[in-house]
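Position 1 is the first residue of the sequence, and the numbers go up from there.
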Amino acid sequence: LQPDAETEKEYEVTLDKPVTHQFLIRLKHGVDIGAVGKRQHYKTKPVKIRKTGPKKVEIILTEGKNRQIRRMAGSVGFKVVKLKRFRIGSLKLGSLKKGQFRKLKPAEVKEILKEV
């Protein structure tokens, strides 16, 4: 999951107001989310984003700065109401509930090691 690996992380995001075309375009190309580490301004890498409902989007990131999706939405005037990560690389959350876990299958471990 190191930043250089650019592992995809996929999220379901519910926002406080209806998704606009401008919102999608701005996030797709990257936005300034303010200070990150020693930098005063940090522009996020482009993301894959698609509207899935009036106030919902799915976002695929290849980086993972602290509270990145919340900060990205905030930079264009939206607030995240609900955020759920459902995929990291080739691993999908599936039917696991909050606090649950499962052992990875050997094929999944092999797949993850290929992604690194």
According to a hydrophobic-cluster definition based on side-chain heavy atoms being under 4.5 Å apart (Ile, Leu, Val, Met, Phe, Trp, Tyr only), do L96 and F86 belong together?
yes

Could you state the interatomic distance from CD (E10) to CG (L93), rounded to the nearest 0.5 Å?
11.5 Å

Electrostatic pair K84-E12, nearest N-O below 4.0 angstrom:
no

Report the distance from atom NZ of K55 to atom NZ of K17, rounding to the nearest 0.5 Å.
10.5 Å

Verify side-chain contact (heavy atoms from CB on, under 4.5 Å) between R102 and E108, making sure each step is shown before the conclusion.
CA-CA 12 Å; R102 67 171 176 82; E108 292 173 321; 2.7 Å; yes

Remaining members of hydrophobic cluster (4.5 Å side-chain criterion), Y42:
Y11, V13, L15, V19, F23, L24, L27, V31, I33, V36, V47, I49, V57, I59, L61, I69, M72, V76, F78, V80, L83

side-chain hydrogen bond (donor to acceptor under 3.5 Å, both in side chains) pairs touching residues 69-78, sequence neighbours excluded, are none

Is it true that atom CD of Q100 has more than 12 heavy atoms of other residues, nucleotides or ligands lying nearer than 6.0 Å?
yes

Would you check if the side chain of R87 reaches a backbone N or O of G89 as a donor-acceptor pair within less than 3.5 Å?
yes

Could you measure the distance from the NZ atom of K9 to the CD1 atom of I88? Nearest 0.5 Å is fine.
7.5 Å

What do the steps show when you test R50 against T52 for side-chain contact (heavy atoms from CB on, under 4.5 Å), and what is the final call?
CA-CA 6 Å; R50 73 182 184 96; T52 57; 3.8 Å; yes

Within the supplied structure, the quantity of interest is the number of heavy atoms (other residues, nucleotides, ligands) at a distance under 6.0 Å from K56 NZ; does it exceed 12?
no

At what distance, to the nearest 0.5 angstrom, does NZ of K65 lie from CZ of R39?
7.0 Å

Give a yes or no on whether the backbone of K45 and the side-chain of E63 come within a donor-acceptor separation of less than 3.5 Å.
yes

Quick one: side-chain hydrogen bond (donor to acceptor under 3.5 Å, both in side chains) pairs with a partner in residues 28-37, sequence neighbours left out?
D32-H41

